[in-house]
Amino acid sequence: MSDTPPDRLSAHPKSPFYDEALLMRGVGIKFNGEEKTNVDEYCVSEGWIRVSVGNKVDRKGNPLTLKLEGKVEPYFKSEAPEEQ
């Protein structure tokens with residue numbers, strides 16, 4: 001496996017960007033300099049994350065998410081995030 005997280009990753013098995021092996025390895029996200037623990041999906045090149053909105057679900061039972069734009073820095077949790 002690479003030491004660099006992918007450009008885009010999703011936590012939902014139905015997504016084409018889902019990768020169970022990477023999720024089991026543990027991917028952390030720093031968004032605009034803050035650690036985020038409720039990220040469902042991210043894209044580094046486009047600069048956005050999708051975060052869960054509490055316990056709210058849509059009519060199909062999927063969690064509701066918000067798309068936030070900013071600087072996305074993924075890292076593997078086995079490593080410490082880089083300080084700037």
Side-chain angles (χ1 to χ4, degrees):
M1 268 191 202
S2 172
D3 288 336
T4 310
D7 177 63
R8 187 167 178 179
L9 185 63
S10 175
H12 296 288
K14 293 181 182 179
S15 172
F17 301 103
Y18 176 77
D19 187 338
E20 186 174 359
L22 287 175
L23 293 172
M24 294 298 290
R25 187 172 174 186
V27 177
I29 301 293
K30 282 184 78 175
F31 180 70
N32 290 335
E34 293 183 29
E35 182 72 23
K36 294 289 186 182
T37 58
N38 61 341
V39 176
D40 287 339
E41 186 174 2
Y42 73 84
C43 183
V44 176
S45 61
E46 295 176 14
W48 57 262
I49 61 171
R50 287 202 177 273
V51 293
S52 305
V53 182
N55 294 331
K56 306 274 186 188
V57 294
D58 66 10
R59 63 181 175 223
K60 295 180 181 178
N62 299 320
L64 287 179
T65 60
L66 286 176
K67 185 176 182 179
L68 304 175
E69 296 184 0
K71 185 177 180 184
V72 180
E73 301 173 62
Y75 63 90
F76 289 114
K77 289 185 178 180
S78 59
E79 306 167 357
E82 296 178 12
E83 296 294 324
Q84 294 182 352

Sort and list the pairs that fulfil side chain to side chain donor-acceptor pair (under 3.5 Å) and have at least one residue in residues 47-67, not counting sequence neighbours. D40-S52, E46-W48
Cluster link V57 to L66, ILVMFWY, side chain under 4.5 Å: no
Gap between atom CD of E34 and atom NZ of K71 - 0.5 Å precision: 13.5 Å
Output the distance between atom CG (D19) and atom CE (M24), rounded to the nearest 0.5 Å. 11.5 Å
Between V72 and C43, which heavy-atom pair has the shortest distance, and what is it? CG2-O, 4.1 Å
Rounded to the nearest 0.5 Å, the OG atom of S10 sits from the CG atom of L22 at a distance of 12.0 Å
Please report the closest heavy-atom contact between G28 and E35, naming both atoms and the distance. CA-OE2, 4.3 Å
Side chain proximity check, L9 to P74, heavy atoms < 4.5 angstrom: no
I need the minimum non-hydrogen distance between P6 and Y42, along with the two atoms involved. O-OH, 2.9 Å
Looking only at heavy atoms, the pair that brings D3 and R25 closest together is OD1-NH2, 3.6 Å
Is there a chain of hydrophobic side chains (I, L, V, M, F, W, Y, each step under 4.5 Å between heavy atoms) that links L68 to V53? yes
Under the side chain to side chain donor-acceptor pair (under 3.5 Å) test, residues paired with T37 that sit two or more places apart: none
Taking all non-hydrogen atoms of both residues, which atom of H12 and which atom of Y18 are closest, and how far apart? O-CB, 3.3 Å
Quick one, F31 and V39 - any side-chain contact, counting heavy atoms below 4.5 Å? no
Find out whether R8 and S15 are in side-chain contact, i.e. whether some heavy atom of one side chain is under 4.5 Å from a heavy atom of the other. no
Report whether F17 and F76 are members of the same hydrophobic cluster (ILVMFWY, side-chain heavy atoms less than 4.5 Å apart, transitive linking). no
